[in-house]
Number of protein chains: 2
Amino acid sequence: MSASTKLSTAVKALCLIAEDNNSPKTSTVISTRTGVNASKLRMLLSMLAKSGIVNSGKGSKGGFILNKDPKDIHLQEIYCSIEDRKAFHLDVQKFLGHHLSIPVQINNYFLDLFAEIQVDIEDKMKKISLQSIIDKLEK
Amino acid sequence: MSASTKLSTAVKALCLIAEDNNSPKTSTVISTRTGVNASKLRMLLSMLAKSGIVNSGKGSKGGFILNKDPKDIHLQEIYCSIEDRKAFHLDVQKFLGHHLSIPVQINNYFLDLFAEIQVDIEDKMKKISLQSIIDKLEK
DNA sequence: CTTATTTGTTATAGTTACTGTAACAAATTA
DNA sequence: TAATTTGTTACAGTAACTATAACAAATAAG
């Protein structure tokens with residue numbers, strides 16, 4: 001599952017949970033509504049639980065609820081919870097040349113550039129709250 | 001080869017070609033200096049040739065030369081020449097629900113967001129010329 | 001206490017995608 | 001005619017991803 005698919009899947013799940021935050025939603029219910037496998041959802045949601053975005057409960061009254069107001073949940077936060085890998089997978093090919101060779105210097109140049117792009121993307125995502133996405137859906 | 005690896009590899013090749021644009025450089029020579037397989041370089045460079053960034057010549061005096069001033073070659077142009085796939089591979093998972101279901105709406109939301117990010121990245125790349133990269137190497 | 005439910009995590013089998021290389025026709029030069 | 005080099009296709013090997021299954025641990029209910 002790519003970083004961007006994970007992100008959109010997580011947001012789908014969070015929107016469904018937000019519909020009624022009084023009754024926990026199980027991974028099975030979310031799976032039925034989103035078409036995403038329940039195991040996979042549990043993997044994503046357990047990561048969101050670890051970073052305090054949702055609460056999870058086991059057993060017959062178990063499931064997932066939001067642990068924060070949707071106004072206070074931002075895309076960047078969700079993204080960082082579910083994605084270890086730096087960035088949207090912007091990489092360069094390693095080359096074992098000496099320090100001042102062109103390939104090595106270009107690698108460093110692009111590592112810097114891709115890091116900058118990553119920051120830009122995360123800044124953009126910091127400005128987007130879960131609530132703002134929910135508002136757009138209700139239109 | 002990921003989009004970003006392709007891009008940095010192409011720039012490496014172009015920088016080496018730019019060193020002396022009077023004598024064409026063969027894929028074998030560029031391969032030796034970059035550590036990238038010659039066949040793969042030919043694939044990349046043939047795409048750059050199709051979009052007019054380099055000229056290629058076959059035979060014993062053949063090889064690749066730049067077809068433009070490095071000041072007039074921009075990263076975005078290089079990127080678009082070598083990459084069919086839209087963007088840095090930002091995707092969402094398809095879901096066959098009805099038109100107004102949350103998963104479908106979220107998919108559309110993220111497709112728009114990722115398209116916006118793609119435009120941001122390309123705008124950034126439009127401002128970077130091959131010459132500006134070469135200048136940084138000579139420092 | 002036992003049974004049912006649900007998360008959290010690991011494992012697994014099947015498939016897809018990527019990687020590096022080879023191979024060779026077509027074009028060019030000598 | 002022979003040597004060189006691009007441009008393109010093919011291919012085998014490997015790595016990565018996908019979807020699902022499986023099950024221990026925790027919780028709730030009867």
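The figures that follow rest on heavy atoms only: side chains count, while hydrogens, waters and symmetry mates do not. Each chain gets a letter, A, B and so on, in the order its sequence line appears, and its residues count up from 1.
- Annotation: salt bridge (Lys or Arg N to Asp or Glu O under 4.0 Å) contacts of B/D120 (sequence neighbours excluded): A/K124.
- Residue pairs meeting the salt bridge (Lys or Arg N to Asp or Glu O under 4.0 Å) criterion with at least one partner in residues 68-77 of chain A, sequence neighbours excluded, are A/K68-A/E77.
- Scored by the side chain to side chain contact (heavy atoms under 4.5 Å, CB included) test, B/N22 finds B/D20 as partners (sequence neighbours excluded).
- Note: CG (B/L48) to P (D/dT8) measures 13 Å, nearest angstrom.
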Pairs of donor and acceptor atoms involving the side chains of residues 46-57 of chain A, under 3.5 Å and at least two apart or interchain, shall be tabulated with distances.
from	atom 1	to	atom 2	distance (Å)
A/S46	OG	A/R42	O	3.3
A/S46	OG	A/M43	O	3.0
A/S51	OG	A/M47	O	3.3
A/S51	OG	A/L48	O	3.4
A/S51	OG	A/S81	OG	2.7
A/N55	ND2	A/N67	OD1	3.0

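- Under the 4.5 Å side-chain heavy-atom criterion for Ile, Leu, Val, Met, Phe, Trp and Tyr, A/I65 and A/I134 are members of distinct hydrophobic clusters.
- C/dA17 atom C1' lies 13 Å from atom NZ of B/K6, rounded to whole Å.
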- Item | B/S/- contact track for nucleotides 6-12 of chain C, protein heavy atom under 4.0 Å | BBBBB--
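- If you measure from atom CG of B/L41 to atom P of C/dG20, you get 11 Å, rounded to the nearest angstrom.
- Residue A/N37 places none of its side-chain N or O atoms closer than 4.0 Å to OP1 or OP2 of D/dA19.
- The side chain to side chain contact (heavy atoms under 4.5 Å, CB included) check on A/K61 picks up nothing, with sequence neighbours excluded.
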